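This chain uses plain numbering: 1 for the first residue, then up along the sequence. What's counted below: heavy atoms across the whole structure, side chains too, no hydrogens, waters or symmetry copies. Source: prediction; values computed, not measured.
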Amino acid sequence: MSLTSAPAPALHRHGQLARRLSAALDSPWLTAAAITAVGVVGAGVSFGLAGGNPTADGTHALPALWPPDFVFWAVWLVIYPASGVALSLVWRRRRDADVRGAVAAFGLMNVANLLFLPVSGLVGGLPSVLTIMDLNGVVSVYVLAWLFSRYEPRAALWMLPYLIWMPLTSALKAWYWILN
């Protein structure tokens, strides 16, 4: 076998898959749909691993303005597609700039999101832990929006639902902590 022979079929297929994935990320709507699907499936698995919503078990007093569980799900059904469009807009700049750091930050933040319910279940909905995780989310989303804006200003606009939600939910969690 010579050193100039054709690549192995598995390596060739991997290259084709990478090119298709890269091209798919160029479509903001396809990326939004994919991020939403991954988020919803991940949240369902996360919810299952947590054994439900630990704040709903009656162990701790909830703030008077605490929304029903469906509100939390509905908000994320807006946040996930909007952040998917933002990711796609940044990804489109990959030929002009090294966007890997921003894309990696997006991935890490979403892993943290998917771990929220299992961690909250493990700690039994402990208000201090939930508040600290949400405050981490506030910092993370603002850093991510800033990173995204460096590559594509419109991406930061698509992050607005996230940028609005995280301080609101953090305030709710802080109130929850104060009550308990």
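- Cluster membership check: V75 shares its hydrophobic cluster with V138, using side-chain heavy-atom separations under 4.5 Å among Ile, Leu, Val, Met, Phe, Trp and Tyr.
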One pair to check against side-chain contact (heavy atoms from CB on, under 4.5 Å): L87 and F148. What are the steps and the verdict?
CA-CA 8 Å; L87 174 65; F148 276 13; 4.2 Å; yes
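- Side-chain atoms of S140 do not come within 3.5 Å of backbone N or O of G137 as any donor-acceptor pair.
- Note on ring orientation: taking the six-membered ring where Trp is involved, the planes of Y176 and W66 are tilted (angle from 30° to 60°).
- The distance from the CD1 atom of I79 to the CG atom of L160 is 11.0 Å, given to the nearest 0.5 Å.
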Is there a side-chain contact (heavy atoms from CB on, under 4.5 Å) between V40 and L77? Walk through the geometry before answering.
CA-CA 8 Å; V40 168; L77 288 175; 3.4 Å; yes
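- We find the CG-CD1 distance between L30 and I35 to be 10.0 Å, quoted to the nearest 0.5 Å.
- When the side chains of ILVMFWY residues are joined at heavy-atom separations under 4.5 Å, either directly or via intervening members, L62 and F70 end up in a single hydrophobic cluster.
- Separation of atoms CG (L147) and CZ (R150) is listed at 6.5 Å; rounding is to 0.5 Å.
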side-chain contact (heavy atoms from CB on, under 4.5 Å) assessment of V90 paired with F106
CA-CA 11 Å; V90 169; F106 179 86; over 6 Å; no
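- In this structure, R154 fails the cation-pi test against W158, since its NZ or CZ atom is not both closer than 6.0 Å to the six-membered ring centre and inside 45 degrees of the ring normal.
- Counting only distance, with no hydrogens or angles, the side chain of S83 and the backbone of Y80 share a donor-acceptor pair below 3.5 Å.
- Here the CG atom belonging to L172 is positioned 7.5 Å from the CG atom belonging to L65, to the nearest 0.5 angstrom.
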Apply side-chain contact (heavy atoms from CB on, under 4.5 Å) to V129 and I132, showing your working.
CA-CA 5 Å; V129 174; I132 290 167; 5.9 Å; no
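- Between G84 and T31, the shortest heavy-atom distance links the atoms O-CG2, 3.2 Å.
- Placement of F72 and L114 within a single hydrophobic cluster is found when ILVMFWY residues are connected by side-chain heavy-atom separations under 4.5 Å, directly or transitively.
- Scanning all heavy atoms of the two residues, the minimum distance from P81 to A32 falls at O-CB, 3.3 Å.
- Nearest heavy atoms, R92 versus S27: NH2-CA, 4.5 Å.
- In this structure a side-chain-to-backbone donor-acceptor pair under 3.5 Å is missing from S88 to V85.
- Contact between M166 and D134 at its shortest, heavy atoms only, is CE-O, 3.5 Å.
- Here the OH-CG distance, from Y151 to L89, works out to 14.5 Å after rounding to the nearest 0.5 Å.
- L130 and V71 fall within a single hydrophobic cluster, where Ile, Leu, Val, Met, Phe, Trp and Tyr side chains are chained together by heavy-atom contacts under 4.5 Å.
- Both M159 and Y142 are assigned to one and the same hydrophobic cluster, defined by single-linkage of ILVMFWY side chains at heavy-atom distances under 4.5 Å.
- We find the CG-CG distance between L163 and L157 to be 9.5 Å, quoted to the nearest 0.5 Å.
- Using a 4.5 Å cut-off on side-chain heavy atoms (C-beta onward), W76 and N113 make contact.
- Of all the heavy atoms in R94 and V99, the pair that sits closest is CB-CG2, 3.7 Å.
- The main-chain N or O of P127 is found under 3.5 Å from a side-chain atom of T131 such that the two form a donor-acceptor pair.
- Nearest approach of G124 to H60, heavy atoms of both residues: O-CE1, 3.4 Å.
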